[in-house]
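No experiment lies behind these values; they were computed from the predicted model shown. Just so you know, ligand 1 is whichever comes first in the structure, and atom 1 is the first atom listed for that ligand.
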Amino acid sequence: MPYLVKHPTSAPNLQKVLEMGSTLRPGDTIGILGGGQLGRMIAQAASKMGLKCHIYCPDENSPAFEVSAHNTVAAYSDEQALTSFARSVSVVTYEFENVPGETARILEQYVSVRPGPRALKISQDRLDEKTFLSEEAATQVAPFIKVDTQAELEAALMELGGQGVLKTRRFGYDGKGQIMIRTPEDVEGAVEKLGNQPSILEGIVPFAKEISVIVARGVDGTVKCYDPADNYHKNHILKTSSVPADIPEDTAQEAIQMATRIATALDYVGVMGVELFVIKNGETTELKVNEIAPRVHNSGHWTEDACPVSQFEQHVRAIAGWPLGSPERAHNVIMENLIGDDVNIWETSLLEPSAHLTLYGKAETREGRKMGHINRLSPKS
Ligand code: AMP
């Protein structure tokens, strides 16, 4: 008798989940590709639910290793190590979207990989991502044009009115792999500066602010979203996420609907971060999706201290085939990332009654490195 049948009232779709035969039981092991702070926090949430984790990461100093039952240090191309890893776990998930396609393909021969291959493929390529978002998920995005050469860039700029953001299709993050083009000087040699890689040119979005929605989708298709967060970046790295976002209620609902459409169109299983631009046109507010991250997301760390079920537990529930929990927010919260030397405030933050500190256990502090975060709570508004 499956363990979860004991709680049918809290799980209306449980029968459907069980029929799909993809449910983990306490004591089973989740495989996680990547051993950074996100993997660490997934493993901590899994442990709370009586599940074990097996982390696979090439870096022997991975912060996630110290909180998981089993670890493998090996390259993502090591077929033998991947095979024995896959055989030791009941499901595989990942904490970063650049998992090589071949790695996922090897693992899938033995075990389910959640979120599935389509989410990985789409989020790894900005052209595929933007095409999917606009055509299949019916969400608004900035105008975009495929660009492979300097000549194509110049033609694309003519179409977009002379300005745009040139972005490599693959491996861009935290503002890397992109050039803002506003003047003729910016155009010169731009494709070469990005390493002559396949790219896209996007129209510049005159956004008032950036927000994100953390959405979760279960094996049975149930979708739950957390409240949108206002995101503020410093040096292209997320510095704070504040909830509730300072946006009109109908804009918040629209953002949630967009995230729901995206997760559903991808037949997604797990937690995903959806980043959006908020544009103000006089009295009206418009949204455009910037990108999706098929994993737990830095802008969702506030959920850990402000919601009954954090994004990490929600991800574990989803990939385990368990019913999703409540994403309802109980507090207002500002999440502050501790980047590099910011971490030195850890001690004084302990004296703040409403501050909840999380440190990632990284031995070495480096500039730009995420070392921990603080959630500062206040009464819900
Ligand atoms: P991305 O790597 O796509 O997340 O972009 C990093 C940052 O660059 C975003 O958080 C925005 O602040 C800015 N950015 C990206 N795309 C655009 C755009 N089309 N228009 C204006 N700003 C952008």
Side-chain angles (χ1 to χ4, degrees), residues 38 96-98 119-134 137 139-147 153 156-183 186-187 190-191 193-195 197-215 228-242 245-247 255 258-259 262 272-281 285-301 335-337 339 368 370:
L38 300 179
F96 68 110
E97 55 271 43
N98 286 320
L120 260 185
K121 188 173 172 296
I122 281 176
S123 60
Q124 284 178 357
D125 184 319
R126 290 189 195 273
L127 180 63
D128 292 349
E129 181 180 49
K130 292 268 145 68
T131 306
F132 161 79
L133 287 169
S134 52
T139 57
Q140 276 70 49
V141 296
F144 62 98
I145 299 172
K146 176 174 173 288
V147 165
L153 170 63
L157 279 164
M158 300 270 279
E159 263 188 68
L160 294 186
Q163 298 194 331
V165 192
L166 182 65
K167 299 181 177 180
T168 58
R169 282 170 60 175
R170 295 175 67 82
F171 301 120
Y173 67 98
D174 287 349
K176 294 188 176 71
Q178 63 172 269
I179 297 179
M180 185 68 83
I181 298 180
R182 293 189 189 275
T183 65
D186 298 332
V187 186
V191 170
K193 277 186 208 145
L194 284 186
Q197 295 180 59
S199 301
I200 60 168
L201 183 73
E202 270 181 33
I204 297 177
V205 178
F207 61 84
K209 61 164 71 189
E210 296 178 77
I211 62 167
S212 59
V213 174
I214 306 300
V215 52
D230 266 337
N231 297 327
Y232 164 70
H233 298 83
K234 199 173 154 189
N235 302 326
H236 300 290
I237 302 175
L238 182 70
K239 182 56 187 161
T240 59
S241 291
S242 311
D246 186 12
I247 50 177
M258 284 182 169
I262 293 167
M272 169 166 51
V274 178
E275 298 179 29
L276 305 104
F277 296 126
V278 179
I279 304 126
K280 292 240 176 337
N281 290 321
T285 306
E286 199 191 320
L287 291 172
K288 287 191 196 296
V289 180
N290 178 31
E291 63 180 2
I292 57 175
R295 53 171 169 79
V296 290
H297 198 255
N298 193 167
S299 69
H301 290 0
M335 186 283 305
E336 178 190 0
N337 263 342
I339 300 163
K370 291 174 182 165

Q.
Given 3.5 Å as the limit, does a donor-acceptor pair link the side chain of E129 with the main chain of I292, or not?
A.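 Confirmed, E129 side chain pairs with I292 backbone.
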**Q.** Under 3.5 Å donor-acceptor, Q163 side chain and L160 backbone
**A.** no
Which donor-acceptor pairs under 3.5 Å do the side chains of residues 175-183 make with protein atoms, sequence neighbours left out?
residue, atom, partner, partner atom, Å
T183, OG1, E185, N, 3.4
T183, OG1, D186, N, 3.3
T183, OG1, D186, OD2, 3.2

Q. Quick one: side-chain contact (heavy atoms from CB on, under 4.5 Å) partners of N290, sequence neighbours excluded?
A.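 side-chain contact (heavy atoms from CB on, under 4.5 Å) check on N290 returns K130, K167, E202, E275, F277.
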Q: Only counting residues at least two apart or in another chain, list the ones meeting ring-ring contact (aromatic ring centres under 6.0 Å, His included) with F96.
A: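 Partners of F96 under the ring-ring contact (aromatic ring centres under 6.0 Å, His included) test: Y76.
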Q.
Could you report the tightest heavy-atom contact between L166 and L201, atom names first, then the distance?
A. N-CD1, 3.9 Å
Q. So which residues, sorted by chain and number, lie with a heavy atom under 4.0 Å of ligand 1?
A.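 Its neighbours under 4.0 Å (heavy atoms only) are R126, V165, K167, Q178, E202, G203, I204, V205, F207, E210, F277, N290, E291, given by chain and number.
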